[in-house]
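Please read the structure below before turning to the comments.
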Amino acid sequence: MSDRAVFLDRDGTMIEDVGYLDSFDRIAFYPWTVDAIRMLNRAGFKVVVVTNQAGIARGFFDEPFVQETHRRVAARLAAGGAHVDAYYYCPHHPAGPVAAYAQVCDCRKPGPGMINRAARDLGVDPTRSFVVGDTWLDVGLARAVGARGILVRTGAGAAWEARPPGDLVADAVVDNLASAGAWIMTHPKSEFRNLKC
Ligand SMILES: [Mg+2]
Ligand SMILES: [Zn+2]
């Protein structure tokens, strides 16, 4: 069993960022997503989705909608011989009008809560893992748990790349999830373990 994972942001990384995804017919895979995830599967990584879904706290959709979205994503991946080992989402937002979700939490990225849960559930070691996403929140999440952080230019990524935060540097900035997978493959375990955060 591998203790290494690739944590994937969903919107803007695996599928197109359509704002708040609120209907199933707006799920649009990037053309390389299935192949990239299958490659990570075969390389022995756990592949784990970690996604902020503040639309729940904002009342745009509910948890069953997000769960059904993930079932549909999983079906599409399965048809291409790929799989995600687990899906985690943060439904919260401090300013959300839906009272049940209007809270400060530790799972909204860049908070570490989702990866900490995955580490317990799946037995993965975040410090030997990667986070791939299209915002600095994803890179910040990587920093928060001691993982490598890769920014992709899809979704909001290209815009975010042009506005780097002063205190955060990505381990790599690449065009898309396929490039991120290739970057991960070229950083073997021994070298990886010697890197400092
Ligand atoms: Mg995103
Ligand atoms: Zn949360």
Side-chain angles (χ1 to χ4, degrees), residues 5-22 26-33 36-37 40 47-67 69-70 73 77 84 86-121 126 130-145 147-165 168 170-181:
V6 178
F7 296 98
L8 296 180
D9 172 54
R10 194 190 81 183
D11 304 337
T13 302
M14 295 171 61
I15 61 177
E16 288 183 27
D17 184 356
V18 296
Y20 289 100
L21 190 151
D22 59 0
R26 300 177 78 200
I27 301 171
F29 272 68
Y30 293 116
W32 47 78
T33 294
I37 292 176
L40 294 170
V47 178
V48 180
V49 169
V50 289
T51 178
N52 283 353
Q53 292 297 325
I56 297 170
R58 296 188 185 283
F60 298 156
F61 43 79
D62 57 15
E63 291 201 60
F65 172 83
V66 171
Q67 292 159 4
T69 298
H70 293 165
V73 167
L77 292 172
V84 163
Y87 295 80
Y88 295 89
Y89 59 89
C90 166
H92 307 112
H93 193 282
V98 180
Y101 302 108
Q103 56 183 271
V104 175
C105 64
D106 77 343
C107 49
R108 179 171 169 77
K109 295 185 284 186
M114 291 190 282
I115 287 185
N116 288 342
R117 273 180 60 199
R120 288 193 298 271
D121 294 348
F130 300 81
V131 179
V132 182
D134 69 318
T135 78
W136 293 106
L137 296 180
D138 300 297
V139 177
L141 172 63
R143 282 294 165 276
V145 300
R148 305 281 81 71
I150 304 172
L151 184 73
V152 290
R153 296 190 178 99
T154 49
W160 283 107
E161 181 187 14
R163 287 180 279 129
L168 210 50
D171 292 281
V173 181
V174 299
D175 281 348
N176 56 43
L177 180 55
S179 321

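Whatever order the structure lists them in is the order used to number ligands and atoms, beginning at 1. Note that this is a predicted model, so its numbers are computed, not measured.
When the N, O or S atoms of D134 are ranked by distance to the Mg ion (ligand 1), OD1 comes first. D9 contributes atom OD2 as its closest N/O/S atom to the Mg ion (ligand 1). Its N, O or S atom nearest to the Zn ion (ligand 2) is what matters here, and for H92 that atom is ND1.
At a threshold of 2.8 Å, the Mg ion (ligand 1) has no backbone or side-chain N, O or S atom of D17 nearer than that distance. Coordination check, D11 versus the Mg ion (ligand 1): passed, since an N/O/S atom of the residue sits under 2.8 Å.
At a cut-off of 3.5 Å, with distance as the only test, no side-chain donor of Q67 or Y87 sits close to an acceptor on the other residue. Y20 and R58 share a side-chain donor-acceptor pair at under 3.5 Å.
Of the inter-residue distances, the one linking D9 atom CG with I15 atom CD1 reads 9.5 Å to the nearest 0.5 angstrom.
Using a 30° and 60° split on the angle between ring planes, W32 and Y30 fall in the parallel class, below 30°.
The pair R10-D134 fails the salt-bridge criterion, with no side-chain N (NZ, NE, NH1 or NH2) lying under 4.0 Å from an Asp/Glu carboxylate O.
Rounding to 10°, one obtains 110° for the angle at the Zn ion (ligand 2) between SG (C105) and SG (C90).
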